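Worth saying up front: this structure is predicted, and the values here are computed from it rather than measured.
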Amino acid sequence: MSRDVAHVTLEGDGAEGRAIAGGAPMASTKDWFETVEEAQHRARKRLPRSVYLALVAGTEKGLTANDNVAAFDEVAWRPHVADLPAKRDTATTVMGQEVSMPVLVSPTGVQAVHPDGEVAVARAAAGADVAMGLSSFASKPVEEVGAASPKLFFQMYWVGDRETILARAERARAAGAKGLIMTLDWSFASRRDWGSPPIPEKIDLKNAVKFAPEVLRKPRWLATYLRSGAIPELTVPNLALGGEEPPNFFGAYGQWMGTPLPTWEDVAWLREQWGGPFMLKGITRPDDARRAVDAGVTAISVSTHGGNNLDSTPGALRSLPGVVDAVGDQVEVLMDGGVRRGGDVVKAMALGARAVMIGRAYLWGMAANGQRGVENVLAILRQGIDEALLGLGKASVHDLTREDVVLPPHFTRS
């Protein structure tokens, strides 16, 4: 077994997860998958190895990435058996936007797994009536994505000086962004025990020849790009301003790493300048949550960035209750990391989250089947949320409390 397959098995993409059905796709069909795990399985089969490995979360040993998923398995239900609600309401509001269910598309970097990239995701999110976060490291311009998704939040890193950062935010506002998502923390850890994929600076003749053997082994993925007449975009258009040439991915990282690290004063400044809904993503500690409230943020996402930051950080779900207890109703608290089922969404809400954000799940869906694959993932989560509410006897996602779940001793970390 290769190292990448071995690691992915830890995340539920190997024989263990499929043995229940004897390796069969269960109720899945050629154009529809039954679970997010099946989407991941199809993504691995369809994508060139380097592209697939770029989607596998985690750094170093992968402890945090795996704990993001494992934490949900430790939370048990306390279901009811009678007087169950005939109808269940999954709608809520997040950062001022009405959404049909408490699931947001999380901002993720360059989405070169499909030619339509973030635009396909935006269309799927709009069709499902959920909000979308767009990364400033996305492969598609915010103007194109904003045209496809009316409920858009723009995610930013602290890259460049204050004037440049604010100009990027205003560009996003002009494109229709309703709120900002700010990511401050990043350790730049790129080491993976199972190996990091080679990522070219650009797709030129030299790199085309270098990657040809693995690409030719995945003819369906190659055919999708050939039909579109496009090649994978490795530039970062949303960092460019005023007609500048967009930097490539490595150039963007260089700008980021060369920028002085932000302070809480910087957060408060940008929040005031923006003047609208403002989320700080990446908080795991109660004291940081309180500092964020003091800086004026309107929302927090308890997040480990998919396990791609500082390995050995507890899974996000374990940190959620402590953050919720620390800030109460002062701000909206969301969570992202490890969500694979609608039941995971409900567990997070029972522990105090207003909603969750999904990342790898929809990327696997897009890799498996483009826009329809993203729609498929969102439908899976919607159905799972409804089923969990029924079992718990809840008529609305707003009725969930910690009494609906059982936590093992020492589950939380704060």
If we count only N and O atoms by modelled type, under 3.5 Å, do the side chains of Asp31 and Asn369 hold a donor and an acceptor together? no

Distance only, no hydrogens: is a donor on one side chain within 3.5 Å (strictly under) of an acceptor on the other, for Arg271 and Thr298?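 No, no side-chain donor-acceptor pair sits under 3.5 Å.
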
Got a salt bridge between Arg318 and Glu74, using NZ or NE/NH1/NH2 to carboxylate O under 4.0 Å?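 Salt bridge between Arg318 and Glu74, a charged N being under 4.0 Å from a carboxylate O: yes.
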
Before accepting this row, confirm whether a basic side-chain N of the pair Arg88/Asp386 lies closer than 4.0 Å to the acidic partner's carboxylate O.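 Asp386 and Arg88: salt-bridged.
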
Quick one: does any side-chain atom of [X] pair with a main-chain N or O of [Y] as donor and acceptor, under 3.5 Å?
X      : Y      : answer
Arg42  : Lys30  : yes
Trp274 : Pro277 : yes
Thr92  : Ala355 : no

Identify whether NZ of Lys or CZ of Arg in Lys347 sits under 6.0 Å from the centre of the six-membered ring of Trp77 and within 45° of that ring's axis.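 Relative to the ring axis of Trp77, which defines the angle, Lys347 lies inside both limits.
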
Please identify which of these residues, Thr64, Asp311, Asn68, meets the side chain to side chain donor-acceptor pair (under 3.5 Å) condition with Thr304.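 The option that passes is Asn68.
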
Applying ring pair (Phe, Tyr, Trp, His ring centres under 6.0 Å), name anything that partners His114, two or more places apart in sequence or on another chain. none

Does anything in residues 155-181 pair up under ring pair (Phe, Tyr, Trp, His ring centres under 6.0 Å), and if so which pairs, sequence neighbours excluded? Phe137-Tyr157, Tyr157-Trp256

Full working for side-chain contact (heavy atoms from CB on, under 4.5 Å) between Trp264 and Asp288: CA-CA 10 Å; Trp264 285 112; Asp288 275 352; 3.9 Å; yes

